[in-house]
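No hydrogens, no waters, no symmetry mates; every other heavy atom, side chains included, goes into these values.
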Amino acid sequence: MAALSKSIPHNCYEIGHTWHPSCGVSFVQITGGALEESLKIYIPLYLIAAILRKRKIDYYLHKLLPEILQSASFLTANGALYMAFFCILRRILGKFYSWSPGFGAALPASYVAILIERKSRRGLLTIYMANLVLLFCITAAMYMFFFRCKDGLKGFTFSALRFIVGKEEIPTHSYSPETAHAKVEQKTRRQEEKSRGMNVIALVRRLVDSVCKHGPRHRCCKHYEDNCISYCIKGFIRMFSVGYLIQCCLRIPSAFRHLFTKPSRLLSLFYNKENFQLGAFLGSFVSIYKGTSCFLRWVRNLDDELHAIIAGFLAGVSMMFYKSTTISMYLASKLVETLYFKGIEAGKVPYFPHADTIIYSISTAICFHAAVMEVQTLRPSYWKFLLRLTKGKFAVMNRKVLDVFGTGASKHFQDFIPRLDPRYTTVPPELPIEFS
């Protein structure tokens, strides 16, 4: 408690908004920058999601813009309200304590901000402290199990997985070949190559036909138009293309900014490593999942939802191609949320009103506190995101003053000294700081 009671007499201009002495002007500047970046994030995100979900024209005309603005307002508020509460706390307390410039200001800001966002998008956020690939493997295994179970998943999560892995893996009850749906085998025609000079194209075509049309398919498998081999290959090609196109679309705004200054950079829109990495991630996830599911049906001579646990876990290894903390942690948090609500429905877990809102607020406040007091503990990707959201202003806080709290706040900012107007400061910069 002694550490929490330590304080310094500096005002919010000397520590927080060192670029301008006015709290109001600083708040407006942060808001404008955060809104601009939020729109850049959410406009392509919602457009891609709408296209993938095959939204009708009515959605684009009446719902798309309000949803974009609502989510952009949430993210903007998260950054802007932090600055507002940063100044409000200083005025109320009269000084800064070790908890107030970070956690104290971020907690109410995060709570108010998350209330702006749509309830369906309020995920349970956590601190990034788990092994990435293993976490994704476990998460994928559980998701695919619930996907295969009757009434296991609903809404957007179910629709997204159905789009990714295909309608052939839609949940069914366990069944054996004897109870499987009988369907007439697709008619095939094979033409004998009579000419001696068969070219390469004909050879490749013949090979593909033999693999895709005449390969084995277990009676429990519901992909009636393809055998198991072509089923996996087509799944990879389809989702690889989707991942590649998504990454291309996300890079369009930055690429066109250099359309006239550096036209050669437009080529990076199509030949960027990240495009192929996302494609390889999605394609391999689907092909491994489908391949493992087919293999288990052959081995056990049964289609069982428990297969999804093994197939989903192995498919999670695809994260090696696209190591994304954001994807892994978001899916894990949504899985926790799914398990929590299933526990409530089963009467096994008590219901806590606004649990997602509270957990989000605390988690975000911890991250903001680390960004102020211990930047070295943050993941570089999250720190870059905060700089982008605030147009770099998070980096110009006077962290040398905060070093007295013993967290090494200025460890990565040793060369930064803010140019403060002495008319608006309470403590001359050259004087040592004493604890009160």
Side-chain angles (χ1 to χ4, degrees), residues 2-38 76-110 112-113 365 367-376 378 383-436:
L4 294 177
S5 64
K6 293 179 179 179
S7 64
I8 51 178
H10 296 72
N11 59 34
C12 50
Y13 165 55
E14 293 172 274
I15 296 180
H17 46 88
T18 59
W19 64 90
H20 200 284
S22 170
C23 297
V25 172
S26 301
F27 172 78
V28 171
Q29 291 176 343
I30 289 289
T31 303
L35 180 60
E36 179 184 343
E37 291 300 321
S38 299
T76 301
N78 228 146
L81 290 179
Y82 167 75
M83 180 54 62
F85 282 105
F86 184 94
C87 299
I88 291 172
L89 271 180
R90 170 59 180 82
R91 291 179 180 273
I92 293 175
L93 301 175
K95 56 184 70 175
F96 279 109
Y97 295 87
S98 61
W99 54 270
S100 58
F103 188 87
L107 183 62
S110 303
V112 174
C367 290
F368 267 73
H369 186 80
V372 175
M373 305 297 291
E374 299 178 90
V375 177
Q376 61 274 15
L378 276 184
W383 173 242
K384 290 179 181 178
F385 170 72
L386 290 178
L387 291 180
R388 178 184 174 186
L389 189 63
T390 60
K391 295 292 186 180
K393 290 183 171 58
F394 222 127
V396 297
M397 295 183 71
N398 191 2
R399 289 177 171 81
K400 285 186 177 293
V401 176
L402 301 176
D403 280 340
V404 296
F405 294 117
T407 61
S410 67
K411 183 177 181 179
H412 295 304
F413 305 91
Q414 294 295 330
D415 298 331
F416 174 72
I417 300 177
R419 296 181 179 181
L420 302 174
D421 189 335
R423 295 176 300 173
Y424 301 99
T425 60
T426 57
V427 178
E430 66 273 13
L431 293 181
I433 309 304
E434 298 292 339
F435 286 119
S436 60

TODO: Using the side-chain hydrogen bond (donor to acceptor under 3.5 Å, both in side chains) rule, take Ser410 and Asp403 through it: C-alpha gap first, then chi angles, then the decisive distance, then the call.
DONE: CA-CA 6 Å; Ser410 67; Asp403 280 340; 2.2 Å; yes
Task: Trace of the side chain to side chain contact (heavy atoms under 4.5 Å, CB included) decision for Ile8 with Phe405 - done: CA-CA 9 Å; Ile8 51 178; Phe405 294 117; 3.9 Å; yes
TODO: Check the pair Lys411, Val375 against side chain to side chain contact (heavy atoms under 4.5 Å, CB included), reporting the backbone distance first and the verdict last.
DONE: CA-CA 8 Å; Lys411 183 177 181 179; Val375 177; over 6 Å; no
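Under the ring pair (Phe, Tyr, Trp, His ring centres under 6.0 Å) criterion, Phe96 pairs with Phe86, sequence neighbours left out. Thr426 is linked by a side-chain hydrogen bond (donor to acceptor under 3.5 Å, both in side chains) to Glu14, counting only residues two or more places apart in sequence or in another chain. For Ser100, there are no side-chain hydrogen bond (donor to acceptor under 3.5 Å, both in side chains) partners two or more places apart in sequence or in a different chain. Qualifying salt bridge (charged side-chain N to carboxylate O under 4.0 Å, His left out) partners for Arg423, counting only residues two or more places apart in sequence or in other chains: Asp421. Qualifying salt bridge (charged side-chain N to carboxylate O under 4.0 Å, His left out) partners for Asp415, counting only residues two or more places apart in sequence or in other chains: none.
By the 30° and 60° cut-offs, the orientation of the rings of His369 relative to Phe103 is perpendicular. Ring geometry for Phe368 against Tyr82 counts as tilted: the plane angle lies between 30° and 60°, on a 0 to 90° scale.
What you find for Val427 and Pro9 is that their closest heavy atoms are CG2-CG, 3.6 Å. In terms of heavy-atom proximity, Thr31 sits nearest to Thr76 at O-CG2, 3.6 Å. Here the closest heavy-atom approach between residue Ala113 and residue Leu81 is recorded as N-CD1, 4.4 Å. The two residues Ser26 and His20 come nearest to each other via the heavy atoms OG-O, 3.4 Å. Residues Ser110 and Ala365 come closest through the heavy atom pair OG-N, 4.2 Å.
Taken to the nearest 0.5 Å, the CG atom of Leu389 stands 10.0 Å off from the CG atom of Leu35.
Counting only distance, with no hydrogens or angles, the side chain of Thr18 and the backbone of Asn398 share no donor-acceptor pair below 3.5 Å.
For residues 384-399, the salt bridge (Lys or Arg N to Asp or Glu O under 4.0 Å) pairs, not counting sequence neighbours, are Glu36-Lys391, Glu37-Arg388, Glu37-Lys391.
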